[in-house]
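Take a look at the structure set out below.
Just so we're clear, the structure is a prediction, and the values are computed from it rather than from any experiment. Numbering of residues begins at 1 and proceeds along the displayed sequence.
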Amino acid sequence: MALPFLPGNSPNERLGKERFHKSQHFNYSSGVPMLVGSEKPGIGGEHLVGQEIKPKYSVYPIGSGTGLPPWVTFDKQVLCFDAYFQETVPEAQSETYRIRKCKIYFFLEDDTIQVVEPEYKNSGIPQGTLIRRHRIPLPPPNEGQFYNLFHFNINQQMKLHSRTFTVTDCDSFTRNFLTKLGVHVNNPTTVPEDPYSSLREQLKKSMQPLRPYERHDTLKQFLDHDRKVLRFYCFWDDSQSIYVDLRELILHYFLVDDTIEIREVIPPNSGRDKVNKFLRRCRLPKHVPAKVKQPGEITDRTVLNVLTSSTMGNRYILDSLKTGAVHEEFYKDCDLIIGGEVNVWGRRVILADCDDFTKHYYRAKYGIEDFTPLQYKAPPAPKPPRPVPPYNGFGSEEDSLSFCQRLLPKPPRKDFQKFMAKDRYGLDSKVLNFQAKMITADPVDRERVFIISFYLSNDTISVFERPQKNSGVLGGKFLERGRVKKPGQELFKSQLSQYFTAQDLYVGATLCLNSINFQLLDADEYTFKYMEQHAEEFPRANMGIIISKLRSLPEEKQCEIRKFLTLSDPSNTGFIPFESIRSLLLGLDCNLSEHEVLVLGRCFSEREQTQVDVGLMLAVAQDFLKKKAFEEFPKMARAFADHDRHKTQRLSTKAIWTICKAFHLPVPNSLLEGLLSKFADGDEIDYYAFLAGINWLEHPAPPVMPEDTLKLLFSSPASKPKLIAQSLLNYSAVLKNLQGKPSKRPKMATAPF
């Protein structure tokens with residue numbers, strides 16, 4: 001029994017739907033308005049009644065095969081088939097049909113087909129791409145489907161857009177691909193003979209000339225020796241002229257066409273006019289002819305006049321015996337040797353030397369090893385010294401020197417490469433900072449504290465004084481930034497003055513800056529670390545040199561050091577306070593500066609590290625993420641899964657760090673580095689566990705106090721420098737290095753800058 005058609009009794013088809021858009025059924029194709037909505041869905045993307053949508057795939061349904069898309073799996077993989085089709089020629093006497101060969105390409109990535117016909121010379125037919133690349137539907141009654149790879153086989157016919165093609169053969173890749181899919185590939189067949197093509201072949205053979213034909217093919221010589229030139233240094237002994245002198249020449253032999261070019265080397269102030277070329281590029285004959293040949297006398301071919309008639313004209317035939325040919329000998333590469341002579345149109349030119357390429361060429365081709373040059377001129381006289389006048393006090397020394405070197409002076413050139421390599425880059429300042437005090441008898445000046453900064457980009461020094469309360473001295477800039485000369489040099493001299501370099505600054509050194517002596521007492525963490533990382537530039541921070549100095553100590557001093565270490569460590573733990581060994585090395589006069597002792601302590605000292613709770617670190621990280629309203633955890637999970645090619649749910653620490661930085665994770669670098677180290681298992685991290693730990697939406701951690709956050713951020717070992725004075729020195733490792741037994745050295749301090 002049907003319900004009455006009343007409100008509330010009829011079903012609502014739109015109930016639960018959210019999409020009500022309508023598809024566009026009209027569009028322009030090649031400028032023509034037409035209906036293109038036969039395959040478009042109805043309202044909300046639903047199919048219309050009786051509508052059949054063509055599948056977007058040809059053979060395999062979605063979900064089968066590998067997880068990669070087909071345009072990645074079958075990228076640049078194409079099946080190639082040889083085919084032909086027969087074309088009827090209705091209005092022609094010489095032919096009634098024509099066989100046209102072509103190639104059918106099937107692209108596996110999207111099941112598109114392209115038909116290309118090779119172009120033949122003078123065919124008179126538009127050739128090339130017959131069917132552009134696209135998906136071709138099957139002939140009726142299956143026009144709703146498309147060709148796929150199982151429709152292709154050898155020795156069968158295919159109908160592509162009302163034209164029938166016969167497949168005759170395929171390449172090896174296509175045959176192997178179809179065989180692996182289980183397709184039985186038929187045997188190849190032959191292409192029927194085309195009568196018109198046979199006629200054209202006969203016409204082409206009949207057009208061959210019957211006269212003797214000679215071909216001088218120089219393409220191989222051009223391809224092998226293009227832009228390869230032999231260079232000889234030679235001279236012309238012009239002793240018969242009024243001015244008896246030697247003319248220096250350079251002979252170029254071009255291997256590409258066996259031609260020779262000669263250029264003259266004209267020294268300055270010789271009184272000779274400079275010409276472009278001594279001999280233009282040409283083939284040089286060995287023997288100078290008595291009479292110069294006229295144009296037309298030397299030809300490659302000669303003709304014979306066999307008939308002269310006023311009515312029939314002249315008849316000529318080529319001379320195959322070359323009875324009138326003129327034979328000349330030209331210089332080849334085998335004729336040019338060092339010490340040999342070359343007749344340049346009556347001028348006696350002697351080859352004296354050659355360049356490295358020429359030597360390599362003759363050594364490889366002719367096996368010549370003797371390339372001793374000829375000495376045909378006296379060695380050049382040494383240049384007289386140019387004394388430099390002493391510095392007069394005006395301007396800088398470099399600027400005054402440029403006035404003495406050239407008539408039009410130029411400003412002194414700066415070391416631009418050093419500036420680019422050692423200039424400030426981001427947080428890397430490339431500035432060495434030292435704490436210093438003034439060496440003086442004045443008790444007030446003795447308590448003043450200075451910061452000496454050395455700029456590595458241009459070797460300049462600046463001095464800043466720290467302000468101190470109730471000292472009576474105003475702090476601030478003490479010395480303007482600039483290069484400082486070393487003391488003890490004469491002011492007015494010809495040589496350039498020496499300036500302080502980065503190697504002159506180290507802890508314990510004494511600097512004289514503008515007649516004021518400073519002693520360097522300490523350096524910041526960046527300075528120590530930079531000098532240790534560039535130990536090849538700073539000998540005072542080179543552990544190899546420091547160990548070598550300790551090994552070179554006398555035996556009695558080494559015994560005293562061992563005795564002191566034994567007494568300082570009665571329990572034989574292998575560790576003693578650093579201050580004890582520092583006082584010992586500085587008191588024994590071991591030829592070690594204070595900076596070298598500090599580097600030794602930084603290398604072999606160990607300090608107890610405090611363990612940080614992982615739960616506290618996760619709580620602090622969630623607090624940072626919650627304050628910044630960071631909620632992109634699903635996107636991060638997808639990014640981690642995309643980078644996990646082997647689906648092991650694990651990624652390297654570097655990859656996870658890069659992805660976190662790409663999502664701008666609002667967590668301090670020190671905290672993120674600590675979290676990754678806690679979750680790391682070797683060099684890999686379980687990214688699902690890492691995301692679950694920092695996800696404050698699904699796994700909230702208990703709230704943290706502000707003092708806990710500050711304690712975690714500023715008490716970690718990576719957030720502060722290594723305190724050497726409070727550390728213990730691993731003297732057992734030092735003794736092993738002194739005995740020549742390398743041990744695993746502790747890492748240097750790794751504080752960020």
Side-chain angles (χ1 to χ4, degrees), residues 23-25 27-30 34-41 45-48 50-86 100-118 127-189 191 642:
S23 303
Q24 178 70 25
H25 291 265
N27 200 351
Y28 282 88
S29 179
S30 301
M34 58 187 305
L35 176 65
V36 295
S38 60
E39 297 183 0
K40 297 294 184 68
E46 295 184 354
H47 298 327
L48 300 176
Q51 185 181 26
E52 295 181 0
I53 303 298
K54 296 181 180 179
K56 296 184 179 180
Y57 50 88
S58 61
V59 179
Y60 299 108
I62 298 177
S64 63
T66 61
L68 298 177
W71 53 271
V72 175
T73 306
F74 300 110
D75 184 30
K76 298 181 181 179
Q77 296 187 14
V78 185
L79 305 183
C80 179
F81 298 91
D82 296 331
Y84 72 92
F85 65 95
Q86 181 174 340
R100 299 177 62 175
K101 302 176 183 179
C102 58
K103 287 185 175 293
I104 302 177
Y105 298 101
F106 182 84
F107 296 86
L108 296 172
E109 60 183 43
D110 53 358
D111 294 352
T112 54
I113 300 174
Q114 183 183 14
V115 181
V116 179
E117 182 182 8
Q127 296 174 328
T129 303
L130 299 181
I131 301 177
R132 63 177 180 83
R133 178 180 173 181
H134 68 288
R135 297 182 67 189
I136 300 178
L138 293 173
N142 300 321
E143 62 271 9
Q145 301 178 8
F146 296 92
Y147 277 100
N148 55 56
L149 58 91
F150 291 108
H151 292 100
F152 286 85
N153 206 332
I154 300 176
N155 199 4
Q156 73 174 14
Q157 292 184 348
M158 303 180 61
K159 192 171 184 181
L160 306 178
H161 292 308
S162 71
R163 180 173 288 177
T164 303
F165 294 85
T166 303
V167 182
T168 59
D169 200 358
C170 63
D171 57 1
S172 58
F173 171 76
T174 304
R175 182 180 296 274
N176 295 335
F177 188 85
L178 293 177
T179 303
K180 290 180 180 180
L181 291 180
V183 179
H184 176 69
V185 183
N186 301 329
N187 296 327
T189 182
V191 181
D642 291 341

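Taking H151 as the reference, L138, Y147, N148 meet the side-chain contact (heavy atoms from CB on, under 4.5 Å) condition, with sequence neighbours excluded. The side chain to side chain donor-acceptor pair (under 3.5 Å) test applied to E46 returns K17, not counting sequence neighbours. Every residue two or more places apart in sequence or in another chain was checked for a side chain to side chain donor-acceptor pair (under 3.5 Å) with K159, and none qualifies. By the side chain to side chain donor-acceptor pair (under 3.5 Å) test, E109 is found to be paired with R133, residues two or more places apart in sequence or in another chain being considered. By the ring pair (Phe, Tyr, Trp, His ring centres under 6.0 Å) test, F107 pairs with no residue at all, sequence neighbours left out.
Shortest non-hydrogen contact noted between E143 and P137 is O-CB, 3.6 Å. Across every non-hydrogen atom of P118 and C102, the tightest pair is CD-CA, 4.0 Å.
Annotation: side-chain hydrogen bond (donor to acceptor under 3.5 Å, both in side chains) contacts involving residues 168-181, sequence neighbours excluded, comprise D171-T174. Applying the side-chain hydrogen bond (donor to acceptor under 3.5 Å, both in side chains) test to pairs two or more places apart or on separate chains, those with a residue in residues 74-85 are D82-K103.
Atoms CD and CZ, on Q156 and F81 in that order, are 8.5 Å from each other to the nearest 0.5 Å. Atom-to-atom distance recorded for L160:CG and I131:CD1 is 5.0 Å, nearest 0.5 angstrom. Note that CE of M158 is 10.0 Å distant from CG of N153, once rounded to the nearest 0.5 Å.
Side-chain contact between I113 and F152 is present, with heavy atoms from C-beta onward closer than 4.5 Å. Proximity of R135 to D110: side-chain heavy atoms (C-beta onward) are nowhere separated by under 4.5 Å. Inter-residue side-chain proximity for R100 and L130 is flagged as met; some heavy-atom pair is nearer than 4.5 Å.
The aromatic rings of F74 and F177 sit perpendicular, their planes meeting at an angle over 60°, well past the 30° parallel limit.
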Side chain to side chain contact (heavy atoms under 4.5 Å, CB included) between Y105 and T112, intermediate numbers included: CA-CA 8 Å; Y105 298 101; T112 54; over 6 Å; no
For residues 181-188, tabulate all N or O donor-acceptor pairs below 3.5 Å that involve a side-chain atom, not counting sequence neighbours.
residue: N186; atom: ND2; partner: I154; partner atom: O; Å: 2.7

